[in-house]
Amino acid sequence: MKPGAVHEFFRRLAAREPQPKTELVFRDPFTLLVAVVLSAQATDASVNRATPALFKAAPTPRKMAALGPEGIEPLIKTIGLYRTKAKNVAKLAQALLDNHGGEVPHDRDALQALQGVGRKTASVVLNAVWGDPEIAVDTHVFRVGNRTGLAKGKTPEEVERKLGKVVPAEWKRHAHHWLILLGRYTCLARKPKCPECPVADLCAFKGKTTV
DNA sequence: ATCCCGAGGG
DNA sequence: CCCTCTGGAT
């Protein structure tokens, strides 16, 4: 996709929903990090429903670690994968205490060393907390990037690197979420709704059937 | 490649 | 009822 088209692509997404309602609202790095870990393979709605109770009981790494997996589980039962996630979050909180003075590290490798934190989660946190230029690549962003021609790549790392180069700096804060929304509601995996897509005319896909 | 695991939608 | 879902670890 040509630079001019890329700019227009994001200009339209920005115009459609400047501040996405479904973005996670947490400011505090710790609660944001935990919320992002919990959101893996779960809908926004379940995370939003479950987290208030969890963060009331354990707003800090110290209290979260003290709660332990057994204490955390019942608070996040309505999220899928709750057993794994409770275990991860407890371990993660303990690691923050042991290795990072109870603070969320501003460092990709340190983040990814935490239990339950992979590349995508680390990128979301780096971007949301510190405004780093990372643009997280999940399944939606991967598909949209490849289909549209915005950022083609065989691996999420490649797609992320290309997005980092191509997305105008002014929009990096929200680019991840805009692409997710586009993928979730319009650029569907099985049957993309090209006729109602705001960037169809800029897209390389043109109603093909793969990727 | 497979498991985790409930919620929500078709 | 059957399928998918804003990953990560093994």
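Lettering of chains follows the sequences in order, A, B, ..., and the numbering in each one begins at 1.
Distance from the side chain of A/Arg49 is smallest for B/dA7 among the nucleotides B/dA7, B/dC5, C/dA9. Closest contact between the side chain of A/Ala189 and the listed nucleotides B/dG8, C/dC5, C/dG7 involves C/dC5. Comparing B/dC5, C/dA9, C/dG7 by their nearest atom to the side chain of A/Asp138 picks out C/dG7. When each of B/dC5, B/dA7, C/dG8 is scored by its nearest atom to the side-chain atoms of A/Tyr82, the top-ranked nucleotide is B/dC5.
Under 4.0 angstrom from either OP1 or OP2 of C/dG8 there lies no side-chain N or O belonging to A/Arg119. Using a 4.0 Å cut-off, some side-chain N or O of A/Thr139 falls inside it from OP1 or OP2 of C/dG7. At least one side-chain nitrogen or oxygen of A/Thr121 sits closer than 4.0 Å to the OP1 or OP2 atom of C/dG8.
Atom pair A/Arg190:CZ and B/dG9:C1' shows a separation of 14 Å (rounding to whole Å applied). Put simply, CD on A/Gln41 is 10 Å from C1' on B/dC5, counting in whole angstrom units. Atoms NZ (A/Lys85) and C1' (C/dG8) sit 10 Å apart, rounded to a whole Å. One atom, CZ of A/Arg143, and another, P of C/dT4, lie 13 Å apart when rounded to the nearest Å. Nucleotide C/dC5 holds its P atom 9 Å from the CG atom of A/Leu188, rounded to whole Å. Separating the NZ atom of A/Lys191 from the P atom of B/dG9 is a distance of 21 Å, rounded to the nearest angstrom. One can place CG of A/Asn48 at 15 Å from P of B/dA7, the figure rounded to the nearest angstrom. Here C/dG8 presents its P atom at 15 Å from CD1 of A/Ile79, a figure rounded to the nearest Å.
Atom-to-atom distance recorded for A/Leu114:CG and A/Asn99:CG is 8.5 Å, nearest 0.5 angstrom.
Across the P atoms, C/dT10 and B/dC5 are found 15 Å apart, a figure rounded to whole Å.
Across all strands, A/Val141 comes closer than 4.0 Å to no nucleic acid atom at all (heavy-atom distances). Across all strands, A/Lys77 comes closer than 4.0 Å only to sugar-phosphate atoms, never to a base (heavy-atom distances). Within 4.0 Å of A/Thr78, counting heavy atoms only, lie sugar-phosphate atoms of the nucleic acid but no base atom. At the heavy-atom level, A/Leu38 lies nowhere under 4.0 Å from the strands shown.
A/Ile180 and A/Leu188 are members of different hydrophobic clusters when ILVMFWY side chains are connected at heavy-atom separations under 4.5 Å. A/Val104 and A/Leu97 are not part of a single hydrophobic cluster, where members link through side-chain heavy atoms under 4.5 Å apart. Hydrophobic clustering (ILVMFWY, side-chain heavy atoms < 4.5 Å, transitive): A/Val37 and A/Leu67 are in one cluster.
Nearer the 5' end of DNA chain B, as judged by each residue's closest nucleotide, is the contact made by A/Ala42, out of A/Arg184 and A/Ala42.
A/Asp138 contributes no side-chain N or O that, together with a main-chain N or O of A/Lys120, makes up a donor-acceptor pair within less than 3.5 Å.
Using a 4.0 Å cut-off between a side-chain N of Lys or Arg and a carboxylate O of Asp or Glu, A/Glu157 and A/Arg161 do not qualify as a salt bridge.
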